[in-house]
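Quick notes on the structure that follows.
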Amino acid sequence: MPTNLAMPGIAAGRLPADQIAVGFSDLEPPLSDHEALVAADRCYFCYDAPCTTACPTAIDIPLFIRQIATGTPEAAARTIFAQNVLGGICARVCPTETLCEEACVRETAEGEPVQIGRLQRYATDRLILGDVHPFTRAPETGRKIAVVGAGPAGLACAHRLAMHGHSVTIYDARPKGGGLNEYGIAAYKATNDFAQAELDWLMKIGGITVEYDRRLGADFTLTELQQSHDAVFLGMGLAGVNEMTLAGDHEGIETAVDWIATMRQSPDKTDVPVGREVVVIGGGMTAVDAAVQSKLLGADTVTIAYRRDKAAMPASGYEQDLAASKGVRLLFNLTPKTVASGSITLARTANRDGKLVETGEQVTLTADQVLLAIGQTLAGAPEVLALDGGKIAVTGPGRSSVPGIWAGGDCAAGGEDLTVTAVAEGRDAAEDIHANLMGGA
Ligand SMILES: Cc1cc2nc3c(=O)[nH]c(=O)nc-3n(C[C@H](O)[C@H](O)[C@H](O)COP(=O)(O)OP(=O)(O)OC[C@H]3O[C@@H](n4cnc5c(N)ncnc54)[C@H](O)[C@@H]3O)c2cc1C
Ligand code: SF4
């Protein structure tokens, strides 16, 4: 079948379907039974394990690895899910290189950690893909809780509340649940529609209803939620994007999160348009994901242009290496100035006395597609809530400035914008809501 490999501009089908399928397959394949036993055997089962301390959900990592080592991976999965009900997606997307695996004593001693993430996937897949839900619901309490957002924070919160016997309704603005697991995470980290499989599995707890295509602020108000529910949890993520004003012809410019969201919804990616020469502006996980996936779709050249130097880049060394290994070029100390049809001009920058300044020199790159990955912002949060640094202000386990309303995940102030952090915050808010409703707090 002919392909559009050399076609200038933005076009779909630059590579044959089978090549696209290979590129978008699992970034790291699952461990076999034998590989899992070998990997588990490297664990020292440390007392006061640093890996557990480094995990935002505090999974008992030595315990679950021991359970794998002794041939009981289902028990290992239960250990993981007790702390992190989205342990399946976290096993795939967590930046383990800066969390548990960075803290692993074998990383410190030998530069090679126990493969905690891959072992977690080995265990959790047993129950999720085997369709076994290990939790049962407490008797109905008669309490009703509204959760806004079916992303990791909202799902973790809803599941924990349902376990305690409460009735939960989740409202999500989009037609599908999972939040960025479904619309953001790189496709090669969550293959085979995993986000939906995990969502369906999680719902087996019972007591949770989801209403899709229902946006807070447009289809209903916070006051209405307060009137019809005993508590409200906001896990609405960051639905806005930072603005960037660039002079010139803006055709071919898009935000990376929008481009990724559309791309993620294409089943085989053969219909996803991509530029022949792509420039991604930014330096975080989103920039790397947009760049790598552009390359996997057949873009000829893909360049990430980041305004600061390599050391300051928010994407981890692992992610930078991943981008480079896929043929993405990383350029540093460049900030965009103007765009024209087929090119982008950037100014060189330098760090002078701790301040980022333009040096006066300019660089023009060929670009028929420019993807902006310069950060997301809170959008549509009810005005009654106090903000902190542009996010919903919270104290303790997600208590907002308004009694009866909790918030967690990316939309809440503090913490890192990671899937696992969102899960931890959703879970902890649920425990606090439960204690409040049952008179324990
Ligand atoms: C491109 C990209 C790649 C990423 N890759 C990784 C990764 O590899 N590893 C990692 O750990 N983290 C990654 N992250 C970060 C991670 O996805 C987020 O930290 C995490 O999804 C936050 O979960 P959340 O539940 O707070 O928000 P979200 O996942 O954003 O979910 C929020 C939900 O709320 C809904 N919503 C928003 N506004 C409203 C409203 N007004 N009314 C009703 N519903 C609403 C949305 O539709 C959405 O479903 C990535 C982020 C991006 C953008
Ligand atoms: S730090 Fe490493 S070796 Fe120690 S318990 Fe954790 S995974 Fe095992």
Side-chain angles (χ1 to χ4, degrees), residues 27 39-40 42-56 60-66 86 89-90 92-96 99-109 113-116 119 147-157 170-186 189-190 195 211-220 222 234-241 255-257 259-261 264 284-290 293 319 373 375-376 378-382 407-412 415-423 425-426:
L27 182 61
R42 291 191 65 237
C43 180
Y44 291 145
F45 309 116
C46 307
Y47 180 72
D48 260 349
C51 53
T52 292
T53 309
C55 172
D60 190 339
I61 292 169
L63 174 59
F64 96 68
I65 295 182
R66 190 184 289 279
L86 279 101
I89 192 77
C90 287
R92 290 160 165 81
V93 309
C94 260
T96 50
L99 296 171
C100 54
E101 291 181 14
E102 183 181 55
C104 175
V105 296
R106 296 209 71 157
E107 167 66 18
T108 321
V114 175
Q115 292 184 302
I116 302 168
L119 284 166
V147 169
V148 179
L155 291 175
C157 182
I170 306 181
Y171 302 88
D172 199 288
R174 296 187 114 139
K176 280 161 108 177
L180 289 170
N181 292 351
E182 174 61 37
Y183 291 96
I185 295 290
K189 292 185 188 171
E211 295 192 15
Y212 293 115
D213 291 313
R214 298 265 282 143
R215 181 180 295 276
L216 172 66
D219 302 315
F220 55 92
L222 184 61
L234 300 175
M236 55 203 294
L238 298 173
V241 287
T255 67
V257 279
W259 182 80
I260 290 171
R264 277 293 313 269
M285 214 180 254
T286 305
V288 169
D289 286 359
Q293 290 172 114
E319 287 164 336
Q376 293 170 260
L378 181 66
D410 286 3
C411 70
E416 289 180 79
D417 291 345
L418 293 175
T419 309
V420 66
T421 323
V423 173
E425 291 174 6

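The structure displayed is predicted, hence computed values, not measured ones. Whatever order the structure lists them in is the order used to number ligands and atoms, beginning at 1.
- At distances below 3.5 Å, not a single donor-acceptor pair connects side-chain atoms of T419 with backbone N or O atoms of C90.
- Counting all heavy atoms, side chain and backbone alike, C94 lies closest to L99 at SG-CD1, 4.4 Å.
- Within the structure, ligand 1 has P152 among the residues with a heavy atom less than 4.0 angstrom away.
- Ranking protein heavy atoms by distance to atom 36 (N) of ligand 1, first place goes to M236 O, 3.8 Å.
- For atom 9 (N) of ligand 1, the nearest non-hydrogen atom of the protein is V93 O, 2.8 Å.
- Judged by the shortest distance from any of its heavy atoms, E425 lies outside the 4.0 Å radius around the atoms of ligand 1.
- Looking at I116 and F64, their side chains come closer than 4.5 Å, going by heavy atoms from C-beta outward.
- Applying the 4.0 Å criterion to heavy atoms of K189 picks out, from ligand 1, the atoms 7 (C), 8 (O).
- At least one heavy atom of G235 sits under 4.0 Å from some atom of ligand 1.
- Every atom of ligand 1 is numbered from 1 in the order shown, and the set under 4.0 Å from a heavy atom of I260 is 1 (C).
- Proximity to G237 (heavy-atom distance under 4.0 Å) selects the following atoms of ligand 1: 27 (O), 30 (O), 32 (C).
- Under 2.8 Å from atom 2 (Fe) of ligand 2 lies no N/O/S atom of C46, from backbone or side chain alike.
- The proximity of I116 to ligand 2, defined as any non-hydrogen pair under 4.0 Å, is limited to the side chain.
- The minimum heavy-atom distance between P62 and C51, with the atom names listed, is CD-SG, 4.0 Å.
- For R106 (side chain) and R42 (main-chain N/O), a donor-acceptor pair under 3.5 Å exists by modelled atom type.
- Given atom 6 (C) of ligand 1, the protein heavy atom at minimum distance is M285 SD, 2.9 Å.
- At the shortest separation from atom 3 (S) of ligand 2 among protein heavy atoms lies Y44 N, 3.3 Å.
- Nearest protein neighbour of atom 16 (C) of ligand 1, counting heavy atoms only, is T419 OG1, 3.6 Å.
- Heavy-atom proximity to Y171, at under 4.0 Å, picks out these atoms of ligand 1: 43 (C), 44 (N).
- Below 4.0 Å from some heavy atom of A153 lie the following atoms of ligand 1, by number and element: 25 (O), 26 (O).
- In this structure, L238 and L378 approach most closely via the heavy-atom pair CD2-N, 3.5 Å.
- Where the criterion is an N or O separation shorter than 3.5 Å, residue side chain and backbone included, F220 fails it with respect to ligand 1.
- Counting heavy atoms from C-beta outward, I170 and L155 have side chains that approach closer than 4.5 Å.
- Here the shortest heavy-atom pairing between D289 and K189 reads OD1-NZ, 4.3 Å.
- Closest heavy-atom approach to atom 6 (Fe) of ligand 2 among the candidates C51, P50, A39: C51.
- At a threshold of 4.5 Å between non-hydrogen side-chain atoms, the residues I61 and V114 do not count as touching.
- The protein atom (non-hydrogen) at minimum distance from atom 48 (C) of ligand 1 is D172 OD2, 3.4 Å.
- Judged by the shortest distance from any of its heavy atoms, E416 lies outside the 4.0 Å radius around the atoms of ligand 1.
- Those atoms of ligand 1 with a heavy atom of G149 less than 4.0 angstrom away are 33 (C), 34 (O), 35 (C).
- The protein atom (non-hydrogen) at minimum distance from atom 8 (Fe) of ligand 2 is C43 SG, 2.4 Å.
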Practice task
Would you please test M285 and L418 for side chain to side chain contact (heavy atoms under 4.5 Å, CB included) and show each step?
Solution key: CA-CA 10 Å; M285 214 180 254; L418 293 175; 3.8 Å; yes

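- From the protein, the heavy atom lying nearest to atom 21 (O) of ligand 1 is L180 CB, 3.5 Å.
- Near V105, meaning under 4.0 Å from one of its heavy atoms, ligand 2 places the atoms 1 (S), 2 (Fe), 3 (S), 4 (Fe).
- Nearest protein neighbour of atom 40 (C) of ligand 1, counting heavy atoms only, is L216 N, 3.6 Å.
- Less than 4.0 angstrom separates some heavy atom of D410 from each of these atoms of ligand 1: 18 (C), 19 (O), 20 (C), 22 (C), 26 (O).
- The protein atom (non-hydrogen) at minimum distance from atom 2 (C) of ligand 1 is T286 OG1, 3.6 Å.
- In terms of polar-atom proximity, A173 is counted as a contact of ligand 1, with an N or O under 3.5 Å from an N or O of the ligand.
- The heavy-atom pair separating D172 from A150 by the smallest distance is OD2-N, 2.6 Å.
- With hydrogens and angles ignored, the 3.5 Å screen pairs no side-chain donor or acceptor of E101 with any backbone N or O of E107.
- Close approach of ligand 1 to V257 (heavy-atom distance below 4.0 Å) involves ligand atoms 53 (C).
- The minimum heavy-atom distance linking A256 with A373 is given by the pair CB-CB, 3.8 Å.
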